[in-house]
Amino acid sequence: MKKIGLYLFTNDLRINDNTLLYKASQSVDELLCVAVEPRLSTYSVRLSQEQENGAHRHLFIKQAIDDLASSLARLGQRLLVLERNTSEDLVQLVKSQQVTHFFASSHCAHDERQLVIDTLTQCPGLFISQQHHTTLFESDAFPFELTKLPRSFTKFRLQVEYLEIEIEESVISSLPPAPQTATECYRKPIPELNDSKPGDYIGGETVGLIHLENYFSNDYAGTYKQTRNALDGIENSTKFSPWLALGCVSPKTIYRHLKQFEAHLGANDSTYWIYFELLWREYFYWKCLTLGTSLFGRESSDLPNEQLLDTTSGSSFAKWKSGNTNYPIVDACMRQLNATGYMSNRGRQLVASCLIHELGIDWRHGAAYFESQLIDYDVASNWGNWAYIAGALNPQAPQNVNKQRAAHQSQLKSRHFDLVKQTEMYDPEHAFINKWHRGDEASTSTRYQDVI
Ligand SMILES: Cc1cc2nc3c(=O)[nH]c(=O)nc-3n(C[C@H](O)[C@H](O)[C@H](O)COP(=O)(O)OP(=O)(O)OC[C@H]3O[C@@H](n4cnc5c(N)ncnc54)[C@H](O)[C@@H]3O)c2cc1C
């Protein structure tokens, strides 16, 4: 009997360092390559008050999928893109194409996992291969059970940072052909990326790998720790996140380049710090997996029926989104996000702190808006960082409630940023504020008396 495989691309839109695709290539006679275009969830539509992904995020995803389709075409394959992320289309494909083997990345997030579970439940008898292959570590490499994932990043880091990372890459030089019968639904090749402007980030594995090579062929990594907090500047932090988020480049590929850089030019605090930040990404990934829907605050009762904001908060939220709060540093960062789809890590911390503490808005609205706009939107890193800043990452255990409440208050305080001091530290000359200046006096004042 013919073995027909279906490979479902989700957050692994790449050919290189794709061990699961390699496995698929070795296991079946014909292979159906399918991608599901990420859409804004209903939950995030309500919270963000946006109907769909923003233009930059939308374009970046489209470019990444087109690039994958071109790479697959070079290997004699074709990519079928499903526009709805429901199990119906997948089930229909499995049945109509008589698929026998199903391959999909093991996602950390609830909805993406549910899509695969629902499909497999309706298609019993498939051979299933799943793997976490958008991380540095496999879950069985950890010296703890996932159910006992350390609560804090520091405890996690101390237990994992010395673990060995497998960096040998599987090379795919050919793929089994696509089944003949599914032709009408394939993605039409769109080879030219002519809808992006110079300086824009371009989605896809091809550009992601070029960016990686460029980054390490300069000495940026050697000074990363001193420059990473800058609000702007392509060279100041790695800017790997957009390609990591869609899996166009794997963290292991980045790690391999980092080790090569250290071997040639020497390791220092800065090169270690790139690894340190990748461990934050890792921590949020496994945290997301273990928290399930509670990462999104779905089980809590303080946003009844996921209600929308009242008129006053709704107006503050709209001003925050458009960069019109009258906190100059916040407005500049939000304008940068809206104009490019990217914001620095420092900027994200400041605008999140402002939304939560200055404007008193539930953090989930901010997280959902980021989800709709960021070209590097990553479910675990985004919702994890927001929950962390809001002090909502670790659900409180019933014992030691008082002790935990005190710890919670002090955490909240430590993540409430003084916007004036932060401006003095990170934008003393107001170069960044002026760059994203909205053209009236209020936006260049740092005194903030007239805030909403
Ligand atoms: C409120 C908020 C929301 C965020 N949302 C996202 C998101 O949706 N997607 C995303 O990739 N990152 C998110 N981050 C983390 C961080 O801001 C970005 O990863 C970083 O700014 C990306 O730029 P870079 O690649 O130049 O980072 P670098 O400073 O060069 O770091 C190297 C890599 O380490 C990882 N990393 C760095 N900082 C963090 C962090 N705090 N948490 C997790 N991983 C980290 C990223 O993969 C990054 O590419 C968020 C942070 C905050 C405070």
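First listed ligand is number 1; within each ligand, the first listed atom is number 1.
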Ring-ring centroid check [X] [Y], cutoff 6.0 Å:
X: Phe153; Y: Phe276; value: yes
X: His132; Y: Phe137; value: no
X: Tyr283; Y: Tyr285; value: no

Exercise: identify the closest heavy-atom pair between Phe296 and Trp363: C-CH2, 4.5 Å
Is there a donor in the side chain of Ser70 and an acceptor in the side chain of Asp67, or the other way round, less than 3.5 Å apart? no
Testing the 3.5 Å rule here: is there a donor-acceptor pair between the side chains of Thr325 and Asp331? yes
Evaluate [X] for polar contact with ligand 1, using N/O atom pairs at a separation under 3.5 Å.
X: Thr238; answer: yes
X: Trp386; answer: no
X: Asn385; answer: yes
X: Glu277; answer: yes
X: Arg228; answer: no
X: Gln349; answer: no
X: Ala352; answer: no

Check the pair Glu52, Arg39 against salt bridge (Lys or Arg N to Asp or Glu O under 4.0 Å), reporting the backbone distance first and the verdict last. CA-CA 7 Å; Glu52 52 193 29; Arg39 302 264 158 195; 6.0 Å; no
Proximal atoms of ligand 1 relative to [X] (non-hydrogen, under 4.0 Å):
X: Asp378; result: 7 (C), 8 (O), 9 (N)
X: Ile389; result: 53 (C)
X: Arg281; result: 43 (C), 44 (N), 47 (O)
X: Phe284; result: 42 (N), 43 (C)

Whether [X] lies under 4.0 Å from ligand 1, heavy atom:
X: Tyr342; result: yes
X: Tyr388; result: no
X: Asp376; result: yes

Which residue holds the protein heavy atom closest to [atom], what is that atom called, and what is the gap in Å?
atom: atom 29 (O) of ligand 1; result: Tyr224 OH, 2.5 Å
atom: atom 24 (P) of ligand 1; result: Lys239 N, 3.5 Å
atom: atom 33 (C) of ligand 1; result: Leu278 CD2, 3.9 Å
atom: atom 13 (C) of ligand 1; result: Arg348 NH1, 3.3 Å

May I ask you to test the [X]-[Y] pair for a side-chain heavy-atom distance under 4.5 Å?
X: Leu175; Y: Tyr22; value: no
X: Val249; Y: Thr253; value: yes
X: Arg346; Y: Gln422; value: yes

Under 4.0 Å, heavy-atom basis, I'd like to know which part of Asn382 is in contact with ligand 1: side chain, backbone, both or neither. both
Under 4.0 Å, heavy atoms only, figure out whether ligand 1 is touched by the backbone of Asn345, its side chain, both or neither. both
Heavy atom to [atom], shortest distance: which of [options] holds it?
atom: atom 47 (O) of ligand 1; options: Ile274, Leu244, Ile234; answer: Leu244
atom: atom 48 (C) of ligand 1; options: Ser241, Ala245, Ser237; answer: Ser241
atom: atom 12 (N) of ligand 1; options: Ser381, Ala390, Pro242; answer: Ser381

Looking at Tyr388, is Arg415 sitting on its ring face, NZ or CZ under 6.0 Å from the six-membered ring centre and within 45 degrees of the normal? yes
Between Tyr201 and Tyr342, does a ring-ring contact (aromatic ring centres under 6.0 Å, His included) hold up when you go through it step by step? CA-CA 9 Å; Tyr201 297 88; Tyr342 180 82; 5.7 Å; yes
Residues Glu424, Lys421: salt bridge by 4.0 Å N-O rule: no
So does Lys252 pair up with Glu166, basic N to acidic O under 4.0 Å? no
